[in-house]
Amino acid sequence: MTILVTVNTVEHFFDVQPDEVLLDVLRREGYLEVKGSCHTGDCGACTVLLDGRPVASCLTLAAKADGHTVTTVRGIGDQAHPHAIQDAFVKNGAVQCGYCVPGAITSAKALLDENPDPTEEEIRLAMDSNYCRCTGYEQQVEAVLDAAAQLRKGDRK
Amino acid sequence: MGRITQYYHAASLEDAFAKAKQLGPVAAYIGGGVELVLRRNPEITTLIDLSRCGLDYIAATRDGIEIGSQTTLTTISRSADIRQYAGGSLAYWTGRIAHNNLRNMITVGGVIGRNQPWNDVVPHLVALGAQVRLFDGAERIMPLSGYIEAKQPGVIIKGVLLPAENAGSKGFLWRFTRTWQDISTLHFSALVSCDGKVMTAVKLVFAGRPGHATLYPRLSEELVGKSLSHETFARVAEMAPDLVEVGTDLRATGEFRRELVRAAILNLEEYMTGVAQ
């Protein structure tokens, strides 16, 4: 079957199998920034935004994304034009092995889009999908607080 | 799933129902799809997607609050109406169980349709006295507790109604888990109405026993008409382990679960008497 998905603001027609998950389709189509890990919806490495809300792409059937918008971490910012959240992750030591970071930043982006001034508890709740075995989470929470402050100042997007 | 050969986006309830009727047991309706992907059923070859049938809604009516079956847990947790309902217990827990990614995917119709014994939403809805609106060519409504006892294949879950008469009661949910995101070793839900310090109506539900959600009217009777006192709850906590059917599985022994049943009643006491919020 063919689905129409807008990925990072670009419309694509993808040929997919009815039982294929979005993670596999995105990676096959070159969106290698979306990481696969547990494949059971537990770890959050594969997080993408579906119509602005974070989901586990390893459990999302690609067919469900037909007609919808997907944002990967590359759609949030890239090396040339990093988003404030990405800069804050680097600055606060929230990136070590880096494998979980695309998912973590994606979850953080969804949070700050809806809540520009989150509490630490709200950050932990919004990022409770994203396992990180390096940082112990503290630096990630600090990074999101830092990014939120930067974004509220209005000098970053 | 086994080999899914067809994914069908239904345009309406009538369209979905006709397709399911035509295909029979090889077809399944899909909500969020989480369970269908995780626990593949080799008999299912066609998925019928209901997301274009207008079932993603929350509406406050004279009868109560109706939640469309395709509404996600996140949307439920953010509803101002549901935050006000029965002390906000449903909104609180739909914003915390599983994790954020899954809460954005799991739909209320999906959890009712699958009704896994470890599910935390269904037993709480049963405690809240929810009714389920069904479509099988025509609409009808029935208590959720009755629906999960006798599921009807092919029937579409259109929505869930939280009855207006329970809006002012207090909802309570307690999950016994090893970690925050773990599935429950025992689930306990309650709905309590009071007149001053006297309980006037009580519904108690245990689930994850490891069996499915079950109402315990015999225990409820012991609380109705009684005051919110330690003596009242202590007596019920002593009775409850003998009345709630619990079993042994890989997660816990029946003996351990009986102790949790006792603790659950005492946790309700703390909540109702204001020691814990």
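Computed from a predicted structure; not experimentally measured. Convention: sequence-line order gives letters A, B, ...; per-chain numbering from 1.
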How about A:Asn130 and B:His99: do any of their side-chain heavy atoms sit closer than 4.5 Å? no
Dump the intermediate steps for side chain to side chain contact (heavy atoms under 4.5 Å, CB included) on B:Ile30 and A:Leu61, then the final yes or no. CA-CA 10 Å; B:Ile30 180 167; A:Leu61 288 167; 3.4 Å; yes
Counting only heavy atoms closer than 4.5 Å, note whether A:Asp42 contacts chain B via side chain, backbone, both or neither. backbone
Would you call A:His39 and B:Leu38 a side-chain contact if the rule is heavy atoms closer than 4.5 Å? no
Examine whether an atom of A:Thr60 lies under 4.5 Å from a heavy atom of chain B, and if so say whether it belongs to the side chain, the backbone or both; otherwise answer neither. both
Within-4.5 Å side-chain heavy-atom neighbours: B:Tyr7 and A:Gln17: no
Heavy-atom check, side chain of A:Pro54 versus side chain of B:Asn104, under 4.5 Å: yes
Does some side-chain heavy atom of B:Leu102 sit less than 4.5 Å from a side-chain heavy atom of A:Ser129? no
Count the heavy atoms of every other residue, nucleotide or ligand shown that sit under 6.0 Å from CD of A:Gln79, and state whether that count exceeds 12. no
Would you say B:Arg103 and A:Asp128 make side-chain contact, with heavy atoms under 4.5 Å? yes
Measuring from A:Ser57:OG to B:Asn101:CG, what's the distance to the nearest 0.5 Å? 8.5 Å
Output yes when a side-chain donor or acceptor of A:Lys64 lies under 3.5 Å from a complementary backbone atom of B:Gly31, and no otherwise. yes
In this structure, are over 12 heavy atoms from other groups packed under 6.0 Å from B:Phe256 atom CZ? no
B:Gln84, CD atom: more than 12 neighbouring heavy atoms under 6.0 Å: no
Counting only heavy atoms not in B:Trp93, do more than 12 sit closer than 6.0 Å to its CH2 atom? yes
So which part of B:Thr46 gets closer than 4.5 Å to some heavy atom of chain A, the side chain, the backbone, both or neither? neither
Please name the pair of heavy atoms, one in A:Asp19 and one in B:Arg3, separated by the smallest distance, quoted to 0.1 Å. OD2-NH1, 3.4 Å
Side chain to side chain, B:Arg78 and A:Glu114, heavy atoms closer than 4.5 Å: yes
Which portion of B:Thr75 sits near chain A, non-hydrogen atoms under 4.5 angstrom: both
To the nearest 0.5 Å, tell me how far B:His9 NE2 sits from A:Met1 CE. 5.0 Å
